[in-house]
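Below is one structure, written out as C-alpha cells; the observations come after it.
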Amino acid sequence: MSDFNQLKELEHTTYPTYEGHDLGLTYTPAGSMFKVWAPTVKQVHVALYDNAGLYDQEGNVQDHSGGREFPMSCDERGVWSVELEGDWNKYYYMYRLEGADSTLHYAADPYATAVSANGQRTAIVDLAQTHPDGWKEDAGPTLARATDAIIYELHVRDFSMDTHFNTGEKGLSAAQGRFAAFTYTGLKDSVGNSIGLDHLLELGITHVHLLPVADFHTVNDFAEQGTEYNWGYDPQHYNVPEGSYSSNPADPEARIRELKLLVQSLHTAGIGVIMDVVYNHTFSVEKGPFDPVVPGYYYRTDEHGQLSNGSGVGNEVASERPMVRKYIKDSLRYWAEEYHIDGFRFDLMALIDTPTMEQLTQELRSEVRPDLLIYGEPWTGGESPQPLLTLKGTQRDKGFAVFNDNYRSAIKGDSDGTASGFATGAWDQEELVLKGVFGAIHDFTAQPSETVNYVTAHDNLNLWDKILTVRHLREHCGFPQWEQGQPQDGRAAEQAVAEADPYREVNEHDLLENETVRKSLLANGMVLTSQGIPFIHAGDELLRSKYGDHNSYRSVDVVNAIRWENKERFRPVFDYYQGLIALRRSHPAFRMDHRELVEQHMEVLHSSGHVVAFALRHHANGDAWNQIVVIYNGSDTEQTILLPAESDRWHVVVDAHGAGNEIRYEVAGHRVTVSRWSMMVLYDQEEPAQPSFLTGQDQTNELAENGLEDSDEGTDQEIAGHYEEAALYRTIELIYERADRQYSGWNVWVWGTGCRDGHVELSELDDGRAVARIQVAPHVRRIGYIIRLNQWDAKDIEADRYIDVDLNRSVMQVLIHSGREEYLLLVNDNRAG
C-alpha cells in the first residue's frame, strides 16, 4: 500500500488505547517486563543483545540481527508484552516487528529511557544505580507563585566552551561543553570574578532554562569535541539525555547520571532546572521514534492525506490523538519524577492542541508537583490543520504561560532587521509597552502569571547584535553575512569572528554612558520590572554577541560560546543586571500573580513622548515600600517627570548608572529628571517587611545570612525567635456545603491573600461538607474568592465574593452554603497569640 493510501486509511481507523503507566521497560534484578503499543502489526519479538552493535563510519548500526529473540503476546488494547526472568542489566534490546504485509524490521523502544551511542539500540539499565549520592534528598527551589521565577535561557555547550572557562583545574578540560561543567564551583577568571555555576548564583536568577537536553539526532556522539554543534530541536529519543553532552556516550548510564548531577548541582545552589521540550515534531518520520512501531499514527496529515508541516521542518506530531497525548504526558511525568525537573518550556507549543496542554498542566500539578513551571511558544512554524492550536489567549486560566511576543516587539522592534521598538528608538509604542508592563491582563492573559516577558532568546539576533543592527553599526563592527553557520564571503567562521569587533564603539572607561549599552539595559530592565515571568537570554548581562548570526543553531563554538572575559570587561553591566534581579526578588510589588492585585495597585503616571511611568501603590502585594515609581525613558534626551503628590521625598534605587535595593540618592519635591535611554525606580517610604514562610534553599540561605546555620549560636530558640512573626500568618478554613453533596470538580479561586493566590482544592469532610484551607499573610484584611466547577465550567455564585479577615484568630472558619452570597463565621478557639 502506498504511503498516501496508508495515511488516508489512518483517518478512518479507530485504534485501541491503553491507560497504564508501564509502557516500555520495567526492570528489576529478578526480571524485566517489556511492553510496546503496536496495534497494527502481526507479531512482535523483543531482541536482546550483549553489546551495542557494529557501528559504521557515520556512527550508525545497520544490522540488528543476531540477538536472542523472544515472542511477545498482544492484548485487546494493542499492547505487546513479555516478561523475561533474570537480571538483564547492561544488555541492549530492540523490537522486531512483522507488519501486516509480512515485512520485518527492527525498532528502538519509543519509551526508551537509556540508549547506546547515537541512540542506535535501546539499553537496559538499573535507574537506581544512576542516582548521585543524596539524590533522594534532592529538590529544587519552591515557588509560592510562578511570577517569583526569573528564568535564564542557556545552552549546555555555550556555558563552558570558552577557553577562559578552563582554568587548568584537573578534569575541567574534559568537562567543557558537557553536563559535568555545571558541577564545578569556585571557578574564577584571572582577576577573581566568579564564572560558571558561581556566576549564575551571583547573578541571582531562580531558574536555568536549558535548551533541549533530550537525545537529539544531528550531533554524532563520536565526533571530536568542538567539531559539531546544534541547539537540539531535532528530537530522536524523548526520554533519554543527549549523548554528546556526556563524558562517555557509549555508556548508557553515564549520560543519565551526569544529567542528574547537573540538576543536583543547580539545586544545591538554589537554582531550578527547566527543560526545553520538543514534542511538536520529530527530526525524521521513517527513522524516528514512532513510525517504525505504529506507521502514520503519531503524525498529523492535511486534507490530502499528506504530512502537514506546521513545524516548518516537514512533520508535526498529532498530539490530539489519545496515545500521542498519553505519550507526551507520560514523558513529562518521567522527567519530572526521575530527574527532578522543575519546569518545562514547549517548543512551538501552538502545535500541541489546547486540551492536551490543559490536561498535562492539571495532571502534573496535581499528581507530581504543584509549582511546576509550564510555558511555551504560542505560535507555529507554518500552517497546521489542527483546529485547537494553543495560541496567545488560549492559555487563560489554564495554569500555563506563553511567551509575550507582543511586548518583545514593543520593546525592541522586529527580530532580525532594522525596525526599532521603545527601547531602541521607535516612537508611539507607549500603549503597547503598558500592556506588557501590566502583565498583558489588558491584552491576552487572565493573570500576569500567564505571560513570559522577554526581549531576546536563542532564536534570532541576540540583544546586543539587534541594537547594533538598528543603529546600522554591523558593517562598522565588521560582522559578516551568515548562512548555515558560515560567512557568505568564504572565510572560516573563526577568521570572521577574529576580524570583527562587536564593541568597536564602546568606551569601556565610560561604559554606562554608551548608547548601545544603555538601550540594552533599558530593554531587559523593562522585562525585570514588569508584571509577569521575566526571561533573560544567557550572556545578556555580559553584552554577549554572536557577531550578527541570527540563526546560530549549527554555528561553531566561537560564535555561540559565552565569553567569560567579558565579565571583567563589562563588570558594571553585570552589576546592573544583578541589582535589577535583586530588586525584583526583594520586592513582591513586581511579582503580582493575580489581575485584581494589578488593577488595585498599579497606576499609569505618564505615557507619551517616548516615556512610560507608572506607580505601584499602597504596599502592592505586601511590599515593604509604600509607593514605587518606575520610569522608562526611551528618548534621546533627558526627561523631567511629575511624581505623585502624596509624597515629597523619594529614594532612588535605579537610574542610568546603577541598580539595586540600596538608596543611591534622594529626590525632594514632585519632579525628577531621567537620563536618556535609561530607567529609574524610586520609592517614598518603607515599613518593616512582612515575614514570609521560607522553604528549602531559601530558608537555608536566610539562616546562613543571619549566622544561624551550622553555628553554636544558632540554637533552636534563636531560630524560633527569628521566625517568631511567622505565627501572624492566618488560615481561613472555607467550609462549603452543597445540598446534593456532590463536590467532584468543585474548587475555590482566591486572590488578595498575600501568599498563594489562585486555585485551591476542596477536601471532602465526613459531615457532607468540603473544606478549602487558605493561607493569609499578616497584612491582609480581606480576601476575594469564587467557588467554581473545574476550570470555570460554572460558578456557585456569579458575583465575586469577599471574606473579611478576623485579626484575632489564627484559624478562621467560615461556612458557605451553595447558592447563597453571605457566609457564616463559625466560632472556634483559635485565637492569634
Q | Backbone of Phe590 reached by a side-chain donor or acceptor of Arg584 within 3.5 Å | A | yes

Q) When you measure from the side chain of Glu202 to the backbone N and O of Leu200, does any donor-acceptor pair fall under 3.5 Å? A) no

Q) Which atom names give the shortest non-hydrogen contact between Tyr576 and Ala656, and what distance separates them? A) CE1-O, 4.1 Å

Q: Mind jotting down which residue pairs meet the salt bridge (Lys or Arg N to Asp or Glu O under 4.0 Å) criterion with at least one end in residues 624-649? Sequence neighbours excluded, please.
A: Arg617-Glu646, Arg649-Glu666

Q) Taking it one step at a time, do His537 and Arg544 satisfy side chain to side chain contact (heavy atoms under 4.5 Å, CB included)? A) CA-CA 9 Å; His537 183 216; Arg544 181 184 185 182; 3.5 Å; yes

Q) Which residue pairs pass the salt bridge (Lys or Arg N to Asp or Glu O under 4.0 Å) test when at least one of the two sits in residues 523-534, sequence neighbours left out? A) none

**Q.** Distance-only polar pair, side chains of Asn524 and Tyr577, donor-acceptor under 3.5 Å
**A.** yes

Q) With sequence neighbours excluded, what pairs up with Trp379 under the side-chain hydrogen bond (donor to acceptor under 3.5 Å, both in side chains) test? A) none

Q.
For the backbone of His209 and the side chain of Arg345, can you confirm whether one donor and one acceptor N or O come within less than 3.5 Å of each other?
A. no

Q) Aromatic ring centroids of Trp564 and His199 under 6.0 Å? A) yes

**Q.** Heavy atoms from other residues, nucleotides or ligands near CD of Glu603 exceed 12 (cutoff 6.0 Å)
**A.** yes

Q. Is there a donor-acceptor contact under 3.5 Å from the side chain of Gln395 to the main chain of Gly393?
A. yes

Q.
Checking the side chain of Asn621 only, and the main-chain atoms of Pro588 only, is there a donor and an acceptor separated by less than 3.5 Å?
A. yes

Q | Gly204 backbone acceptor or donor facing Arg585 side chain under 3.5 Å | A | yes

Q | Listed once per pair and sorted, the salt bridge (Lys or Arg N to Asp or Glu O under 4.0 Å) pairs that draw on residues 424-445, sequence neighbours left out | A | none

(Q) I need the minimum non-hydrogen distance between Ser449 and Thr147, along with the two atoms involved. (A) CA-CG2, 3.8 Å

Q. In terms of the angle between their ring planes, are Tyr802 and Trp751 parallel, tilted or perpendicular, with boundaries placed at 30° and 60°?
A. perpendicular

(Q) So, using side chain to side chain contact (heavy atoms under 4.5 Å, CB included) as the criterion, who are the partners of Pro378 when residues are at least two apart? (A) Lys392, Val402, Phe403

Q. Distance only, no hydrogens: is a donor on one side chain within 3.5 Å (strictly under) of an acceptor on the other, for His657 and Glu513?
A. yes

Q: Mark yes or no for whether Thr445, through its side chain, and Gly439, through its backbone, hold a donor-acceptor pair below 3.5 Å.
A: yes

(Q) Tell me which pairs pass ring pair (Phe, Tyr, Trp, His ring centres under 6.0 Å) where either residue lies in residues 415-453, with sequence neighbours left out. (A) Phe422-His610, Trp427-His610, Phe438-His442

Q) Is a side-chain N or O of Gln627 found less than 3.5 angstrom from the main chain of Ala615, in a donor-acceptor match? A) no

Q) Hey, does the side chain of Ser520 reach the backbone of Val517 with a donor-acceptor pair shorter than 3.5 angstrom? A) yes

**Q.** Proximity of Tyr547 and Trp482 rings by center, below 6.0 Å
**A.** no

(Q) Looking at Ala446, is its backbone amide N or carbonyl O close enough to the side chain of Arg595 to form a donor-acceptor pair, meaning the two atoms are under 3.5 Å apart? (A) yes

Q | Distance-only polar pair, side chains of His587 and Asn661, donor-acceptor under 3.5 Å | A | yes

